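These numbers were taken from a predicted model, which means no experiment stands behind them. Position 1 is the first residue of the sequence; numbering continues from there.
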Amino acid sequence: MSAEFEGYEQDYAVLTAEITGRVGKIPRLLGDEKKQMILNVEKQLEEARELLEQMDLEVREIPVQSRAMYSNRMRSYKQELGKLDADFKRSRIAYSDEVRNELLGDDGNSSESQLIKLREERAHLLDNTERLERSSRRLEAGYQVAVETEQIGQNILENLSQDREKIQRARERLRETDANLGKSSRVLTGMLRR
């Protein structure tokens, strides 16, 4: 059961990585190229939603004691898809440098060094954004591991509690048996004396 879920997880990870890469390219594209990229990303987002639905169905079939771990993963995947969707919407309305200059009435007389500086700053911002996204994913993965570890710890504590009860019951039975053996010994000793 969890093997199917993990297969869906891998497909989802690959798909969201592709979407993230394409969403970052959209603002730099123009015309038909931009429209085609937008259509591709829309299809991939729909595929990601369908994958999440499949994963959700798999989680419902998992035994109750293991379901919490998978439910937490599903919540983080849904949040991630929501962020991707929001990034996609922002990138659709973002303009390239040329279009932005045209809209702002820039006549193209800006110095070459200013344009280079702006492009470097933009590249730097994109790098920082990617780093933040990677850090966020690492934090989410760490959180998932912590939740899974907590669930495993809780299961171990429950098992230890059950084992403790069994040991206590066995100890009580031993005491009763010991008491019964003592009585039997006294009765037999009395019978032998007679």
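Between Met55 and Tyr70, every side-chain heavy-atom pair lies at or beyond the 4.5 Å cut-off. Within the 4.5 Å cutoff, the side chain of Leu15 has no heavy atoms near those of the Gln10 side chain. A heavy-atom distance below 4.5 Å is not found between the side chains of Phe88 and Ile19. Side-chain contact check for Leu174 versus Asp178: every heavy-atom pair is 4.5 Å or farther apart. Residues Glu133 and Thr129 meet the side-chain proximity criterion, which asks for heavy atoms closer than 4.5 Å. Contact of the Leu160 side chain with the Arg164 side chain is not registered, since no non-hydrogen atoms from C-beta on lie closer than 4.5 Å. At least one side-chain heavy atom of Leu81 sits less than 4.5 Å from a side-chain heavy atom of Tyr12. With contacts defined as side-chain heavy-atom distances shorter than 4.5 Å, the pair Asn72/Gln144 does not qualify.
At a threshold of 4.5 Å between side-chain heavy atoms, the hydrophobic network of Ile, Leu, Val, Met, Phe, Trp and Tyr places Val147 and Tyr77 in two separate groups.
The distance from atom CG of Leu45 to atom OG1 of Thr16, rounded to the nearest 0.5 Å, is 10.0 Å. Rounding to the nearest 0.5 angstrom, the gap separating the CD atom in Glu9 from the CG atom in Leu52 is 10.5 Å. Atoms CE and CD, on Met74 and Glu53 in that order, are 9.0 Å from each other to the nearest 0.5 Å. In this structure, Lys89 NZ and Ser91 OG are separated by 11.5 Å, a value rounded to the nearest 0.5 Å. Taken from CD in Glu176 to CZ in Arg173, the straight-line distance is 8.5 Å, to the nearest 0.5 Å. Once rounded to the nearest 0.5 Å, the distance linking CD of Gln151 with OG1 of Thr149 reads 10.5 Å.
Minimum interatomic distance between Arg67 and Ile62 (heavy atoms only, all atoms of both residues): NH2-O, 3.0 Å. The shortest non-hydrogen separation linking Asn40 to Arg22 is CB-NH1, 3.5 Å. For the pair Gln65 and Asn155, the tightest heavy-atom approach, listed with the atom from each and the gap, is O-ND2, 4.5 Å.
Ionic pairing of Asp87 and Lys83 is not present here: no N-O contact between side-chain nitrogen and carboxylate oxygen is shorter than 4.0 angstrom. A salt bridge links Arg175 and Glu172; the closest N-O separation between the charged side-chain nitrogens and carboxylate oxygens is under 4.0 Å. Under a 4.0 Å N-O distance rule, the pair Arg49/Glu46 qualifies as a salt bridge.
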Given Asp127 and Arg131, is the salt bridge (Lys or Arg N to Asp or Glu O under 4.0 Å) satisfied, shown in steps?
CA-CA 6 Å; Asp127 287 343; Arg131 278 192 213 119; 5.0 Å; no
Check against side-chain contact (heavy atoms from CB on, under 4.5 Å), Lys34 and Met37:
CA-CA 5 Å; Lys34 184 172 186 174; Met37 185 67 78; 5.8 Å; no
Is there a side-chain contact (heavy atoms from CB on, under 4.5 Å) between Val23 and Arg90 once you walk through the steps?
CA-CA 9 Å; Val23 164; Arg90 280 193 297 271; over 6 Å; no
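Between the side chain of Ser161 and the backbone N or O of Leu157, no donor-acceptor pair lies under 3.5 Å. Judged purely by atom type and a 3.5 angstrom limit, Ser185 has no side-chain atom pairing as donor or acceptor with the backbone of Gly182.
Using modelled atom types, one finds a donor on one side chain and an acceptor on the other under 3.5 Å when comparing Arg137 with Thr20.
In Glu42, the CD atom is crowded: over 12 heavy atoms of neighbouring residues, nucleotides or ligands sit closer than 6.0 Å. More than 12 heavy atoms of other residues, nucleotides or ligands lie within 6.0 Å of CZ in Arg169, so this atom counts as buried by the packing criterion. Other residues, nucleotides and ligands contribute only 12 or fewer heavy atoms inside 6.0 Å of the CD atom of Glu150. Surrounding CZ of Arg171 are at most 12 heavy atoms belonging to other residues, nucleotides or ligands under 6.0 Å away.
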